[in-house]
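Note: hydrogens, waters and symmetry copies are ignored here, and every other heavy atom, side chains too, is used. Below, chain A is the first sequence line, B the second, and so on; all start at residue 1.
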Number of protein chains: 2
Amino acid sequence: MKNYVRDKRMAFGMTQDELSEKLDVSRQTIISLEKGKYNPSINLAFKLSRLFTCTIEDLFIYEEEEKDV
Amino acid sequence: MKNYVRDKRMAFGMTQDELSEKLDVSRQTIISLEKGKYNPSINLAFKLSRLFTCTIEDLFIYEEEEKDV
DNA sequence: ACAAAATGTAAAGCTAGCTTGACAATGAAG
DNA sequence: CTTCATTGTCAAGCTAGCTTTACATTTTGT
């Protein structure tokens, strides 16, 4: 799962701290998200897409996830 | 978070069991999802939207989540 | 009515998403 | 060079999403 959170955030001229406050999550969450440490919950994905006025599909690229079987 | 999983599934004439197999999740997950017991992960949301050939926004209605503060 | 299919419920357990806190590294500006 | 803002790392802990198993209820077909 790839995402454009960092790009969008910078396009909006926001710091990680500002973004985390607007979304009501911790700064750690933003850092980890941008670094691709894990995927956002669908709630966070919705919050981000609303803030950035785009769709979830625009912000997150689902790549036919490699199964770990 | 409201969702139209049940509607979509029936529109596609599938059983919960069939759907769970196609998505590679347990039947319990489908039941709980349809019953609104919890929100899907963004991965599951993507899988569902792909299968039903629609967007996540079409399938899930995010309702400015009531904060539990 | 009966059997089989589909849906639902309950409970215990694992892991990913998120939190908090403390501290390190990098960057920009005087 | 120092200071302050910004970004990053580490670690421990909580909870929501998902799993498995086993059994109960409802629906459907003959």
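When each of D:dG17, D:dT7, C:dC18 is scored by its nearest atom to the side-chain atoms of B:Tyr38, the top-ranked nucleotide is D:dG17. Here the nucleotide nearest the side chain of A:Val25, chosen from C:dT19, C:dG8, C:dT7, is C:dT19. Proximity note for A:Ser26 (side chain, C-beta onward) versus D:dT7, C:dT20, C:dG8: the nearest is C:dT20. Side-chain proximity of B:Lys35 to C:dG8, C:dC18, C:dT19: nearest is C:dG8.
If you measure from atom CD1 of B:Ile31 to atom C1' of D:dA22, you get 13 Å, rounded to the nearest angstrom. Look at CD on A:Glu21: it is 18 Å from P on C:dC18, rounded to the nearest Å. D:dG17 atom C1' lies 13 Å from atom NZ of B:Lys47, rounded to whole Å. Separating the CZ atom of A:Phe46 from the P atom of C:dC18 is a distance of 14 Å, rounded to the nearest angstrom. Distance, B:Leu19 CG to C:dT7 C1': 13 Å, rounded to whole Å. One can place CG of B:Asn43 at 17 Å from P of C:dT15, the figure rounded to the nearest angstrom. A straight line from CG of A:Leu23 to P of C:dC18 spans 11 Å, rounded to a whole angstrom. Taking atom CG of residue A:Leu33 and atom P of nucleotide C:dC18, one finds them 6 Å apart after rounding to whole Å.
Annotation: of the two residues near DNA chain C, B:Ile42 and B:Gln28, the 5′-most nearest-nucleotide partner is B:Gln28. Nearer to the 5' terminus of DNA chain C, by closest-nucleotide assignment, is the contact made by B:Glu18 (compared with the other of B:Glu18 and A:Ile30).
When side chains are defined from C-beta on, B:Gln28 counts as touching B:Ile31, because their heavy atoms get closer than 4.5 Å.
Hydrophobic cluster membership differs between A:Tyr38 and B:Leu44, with clusters built from Ile, Leu, Val, Met, Phe, Trp and Tyr side chains linked at under 4.5 angstrom.
Between D:dC18 and B:Ser41, a contact under 4.0 Å exists linking OP1 or OP2 to a side-chain N or O. For A:Arg9, no side-chain nitrogen or oxygen approaches OP1 or OP2 of D:dT6 to under 4.0 Å. Proximity of A:Asn39 to the phosphate of C:dA16: no side-chain N or O atom is located under 4.0 Å from OP1 or OP2.
Annotation for A:Leu59 and A:Val5: closest pair CD1-N, 4.3 Å, computed over non-hydrogen atoms.
Ionic pairing of A:Glu18 and A:Arg9 is not present here: no N-O contact between side-chain nitrogen and carboxylate oxygen is shorter than 4.0 angstrom.
In the interface, the side chain of A:Arg27 is not paired with the base of C:dG21 through any donor and acceptor atom under 3.5 Å apart.
Aromatic ring orientation, B:Tyr62 versus A:Phe46: parallel (interplanar angle below 30°, classes split at 30° and 60°).
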